[in-house]
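Below is one structure, written out as structure tokens; comments come after it.
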Amino acid sequence: MVRHLRKRGHFPASSPEEAGLLRRIPQSCAHLWREVPDMSGLAYTLHIQHNMEYNFRDIEARWQKTWAEEGTYHVSEKTDKPKFYVLNMFPYPSGAGLHVGHPLGYIASDIYARYKRLKGFNVLNPMGYDAYGLPAEQYAIQTGQHPEKTTNENIARYRQQLDKIGFCFDWNREVRTCDPGYYKWTQWAFQKMFDSYFCRQEQKAQPISQLIAHFEAHGTEGVDSACSEELCFTAEEWKAMDEQQRYDVLMNYRIAYLGETMVNWCPALGTVLANDEVSEGLSIRGGYPVEQKKMRQWCLRVSAYSQRLLDGLDHIDWSDSIKETQRNWIGRSEGAEMQFRIKGTNETFTIFTTRADTIFGVTFMVLAPESELVQRLTTDAQRAEVEEYVKYVKGRTERERMIDHRVTGVFTGSYAVNPFTGADVPVWVSEYVLAGYGTGAIMAVPAHDSRDYAFARHFGLPVVPLIEGADVSENSFDAKEGIVQNSPAEGVETLAGFSLNGLSVKEAIARTKQFVTEQGIGRVKVNYRLRDAIFSRQRYWGEPFPVYYKQGRAVMVPEECLPLLLPEVEKFEPTATGEPPLGNAKCWAWDESKRCVVDKTLVDDVNVFPLELSTMPGFAGSSAYYLRYMDSKNDEALVSPEANAYWKNVDLYVGGSEHATGHLIYSRFWDKFLFDLGVTCMDEPFQKLVNQGMIQGRSNFVYRVKGTNTYVTLSKKSGYDVTPIHVDVNMVSNDVLDIERFKAWRPEYNDAEFILEDDGRYVCGWAVEKMSKSMFNVVNPDDIVVKYGADTLRLYEMFLGPVEQSKPWDTNGIDGCFRFLRKAWSLFWEKDGENLIVEDSEPTRESLKTLHKLIKKVGEDIEVFSYNTSIPAFMVAVSELQQQKCRSRAILEQFVVLMAPFTPHFSEELWHAMGHTTSVCDAQWPEVCEEYLKEDSVTLGVQFNGKVRFSMDFPADATPEQMRELAESAPEARKHLDGMQVVKVVAVPRRIVNFVVKPGPKN
RNA sequence: GCGCUUGUGGCGAAAUUGGUAGACGCGCUAGACUUAGGAUCUAGUGUCUUGCGACGUAGGGGUUCGAGUCCCCUCAAGCGCACCA
């Protein structure tokens, strides 16, 4: 009957939507079409129906509906069970929809969440949307559509797609960063940061009121706080300050502050970007040039937390590589600050060095061109030259400076005095010294620093080696090793007779630091590369700052008035005056007496004041969302103390490693700040982190644009009608296709046309790249779900390889997973596919062994996220149970539970079919019984001189002596032992027997 | 340049952490059942060799009774940082 239908092509789709998807299959599964070119889409699905006692479509739709209706996945903290918090990095709902790469991490965490629930934990597994962001706004500018509209549409689509995969998300707790009920707390946290400063002694944030009290009593005496600039004043001076001066002083300490800083300005995007949003002088989004510009911006004093961010890494379970990336990004370096006097004056300036030991090799000093010291130190004679040089440097873009490391610089005319020897050292200006790091000035030791070396050679400055055996004729000797000499050189008098000669470099560094401190020349100092985060964006689609400006000074909107809603605007582009899009908002001023937003024409600077026009960056909303999930409906607090005390922090966080220096730093910073405030009880937000690999898209055909090195995917070039081809990687070397081999492999392409380049090479192949709309290579999970079902998709994505690994998407092999599920299904049913086979019989010992092997393996694998190895274990178990003709309920029921984390619909269906009335989610994970795993005998290899010659069975409990005897007496052993002398025998129970032999009489 | 990671069949990958290399899946080959196969089942499938056997985990060396696994060197790829003193 089915065959008949198939031939006629009359199988109905179950809904219009499904019919649409069925029709789409051909485009997305080119390889299947190639194999059966004359087939229609409907006929193909019929082929699946034909073999389908396992009716996944019906099963999955039914259970998804039931789960939603019954609230199977809703969790509450009102329970005695221990908690477990699983979290995925929430997605940005882009217009392209979900692709097969997204679910990889979601599936991995879903399996873990379900497993933990079966193990008796109360599992929180929420989901939400990182809904603010640039693409929605760009789209709004182009089409005039409100970003909220497109964002909501995209979210609806994401939700639909997610629902089809059968995740155990508690949607009651959904958050969206653009939802006022959510961003109220983003704004709230910002205000708390404004009202706090960071005390270095206590290494924590404190209310700014404490600092004010301290200033009133003692001035800056005894203040050790993170700040933009070290200040020094007395209590009297503080009291004498006017409002503006005090405002400026406090701004210097606030954790959220307005700062005049060099920022990454992207003219094309019309906004400022954070360091992690820029790569090689180009914006990550869009790849537009980014320039350095001094602007007044809101900043977060992330750098204050450098040490805590660093120390915290030792207590969390993240991969070494991502910890290392964060350590690099934080960039702690221990060194010393030293003061140098300028010859002929009483002026001094400070430098930072990690190689204090090389003080005797200093032959010049260098200032950063942007440093204010340049003005002070340049002599009149050199002024013209220096000014011209500074102008030249300003004209170079960040990108140019990065790519092209030129050796340039000029002499300032001044000399510094070496505090150890009194020697004169010329002071230069050069672009290789960065204003933003250390003090913006260095002491140059060309013998032991390659950059100083290049500079010295270029300008003919002396090179003085200080380490025994160091050859500096060609290169500097940068290694921090060896024995110090020439420090000082013979006959040179030094301050207090100081000498480092004969010490190791390590000792010399320590010695110098100590000396510098004792003599008051300088101090030990730790520098961090981590910069404060610039927090303003000149965009529309983001959280508005709850800030207005009174006499030019920032004032916070009262906390009770939050959230400050994002205003409506007519145009999303920046205004003609260069103001951010919020400059277009009519109703965007704060009335202090009415305590509400009013029309900006009412601004009178008495009661009504202008509101901030910037919005917050993407990372604002994603920094504390994990806390909000704990208590997402709470209007009184970001999270209640009770909810926080129960859920604590995220036990397992799953997401991409590309967030290593962005979200994962900001989130940790934000959490630590909230920890200081007492809002959260945990100092780290994410205890364990698993970075799922990217599933890359595969461009079917790649060709080189003539005369360039640019490769373009075929689909990008319109009107070029060539069949997309998957090419095996070993058919391609240096991007050139071996056309003969290719045609031999795929004869159907004998007639295909290949693009021939000018140089006679065929350029072809596939490129593996990010799956994205712009690459036209998005594989939609819906297509897979329609064809094979969610459970097969889940299984297959996990079977593909280790979760952490990136891999190209490839549907070869998905059939294997589907077949496996059908085979597993058939374990439970009579041949007719209608009657359950399961009976209450006593399980055989063999089946018990199969089951318990499986329990052990799968349990161990899930704990370490090795899902790709547990699936083969299921396959083996199914084959064994099939062979054993197992019908025992005791075995099959537990098998269903073991499968449940991987294939929830499949398991739920069978669980109920076997008579259960509650969800398989609430079953109990079976315990391994070692008793059943015991083997009577083990098959081991027998080696001669380390080479396995044969294998044989040994009793499991054989002693080494017995093993030796058994192996020796085996018939296969004779030919390896005859005429040989046994030198030694190594027999390890349950492992190996190895005879070490050499020619000679048998002994 | 510095740091981290990886390198195993035609392909995706396993390997009890030093003990029978290639589990499992894909692909391929042969066979069975079939009007048919794109279904299902059975057998085979690292390379070389008619065979015995030899070789085989990027390459080279070492430790060991025994190395994919540990140590040293080289090469290749990926990621991160990069004029950070």
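The chains referred to below are lettered A, B, ... by the order of the sequence lines, with proteins before strands, and numbering in each begins at 1.
- For A/Glu797, the salt bridge (Lys or Arg N to Asp or Glu O under 4.0 Å) test picks out no residue, with sequence neighbours left out.
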Per-nt protein contacts along nucleotides 22-31 of chain B (heavy atom under 4.0 Å; B base, S backbone sugar-phosphate only, - none) come out as -BBSS-----
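- Nearest to the side chain of A/Val948, among B/G80, B/A85, B/U20, sits B/U20.
- Not counting sequence neighbours, the partners of A/Gln307 by the side chain to side chain donor-acceptor pair (under 3.5 Å) test are A/Asp311, A/Arg332, A/Tyr528.
- Not counting sequence neighbours, A/Phe799 has no partner by the ring pair (Phe, Tyr, Trp, His ring centres under 6.0 Å) test.
- Ranking B/U20, B/G3, B/A14 by closeness to the A/Pro802 side chain, first place goes to B/A14.
- Taking A/His663 as the reference, A/Tyr653 meet the side chain to side chain donor-acceptor pair (under 3.5 Å) condition, with sequence neighbours excluded.
- Listed by first and then second residue, the salt bridge (charged side-chain N to carboxylate O under 4.0 Å, His left out) pairs involving residues 859-878 of chain A are A/Lys857-A/Asp861 (not counting sequence neighbours).
- Under the rule for a ring pair (Phe, Tyr, Trp, His ring centres under 6.0 Å), A/Tyr437 has no partner lying at least two apart in sequence or in another chain.
- Every residue two or more places apart in sequence or in another chain that forms a ring pair (Phe, Tyr, Trp, His ring centres under 6.0 Å) with A/Phe995 is listed here: A/Phe944.
- Qualifying side chain to side chain donor-acceptor pair (under 3.5 Å) partners for A/Lys823, counting only residues two or more places apart in sequence or in other chains: A/Ser879.
- Scored by the ring pair (Phe, Tyr, Trp, His ring centres under 6.0 Å) test, A/Phe865 finds A/Tyr112 as partners (sequence neighbours excluded).
- Side-chain atoms of A/Arg822 lie closest to B/A39 of the nucleotides B/G80, B/A39, B/A85.
- If you check residues 986-997 of chain A against RNA chain B, the residues with a heavy atom closer than 4.0 Å are A/Val986, A/Val988, A/Arg991, A/Ile992, A/Asn994, A/Val996, listed by number.
- Secondary-structure stems of RNA chain B, taken as three or more successive Watson-Crick or G-U wobble pairs (i with j, i+1 with j-1) under a 3.5 Å distance threshold, comprise B:1-7 with B:75-81, B:10-12 with B:24-26, B:27-32 with B:40-45, B:46-48 with B:53-55, B:58-62 with B:70-74.
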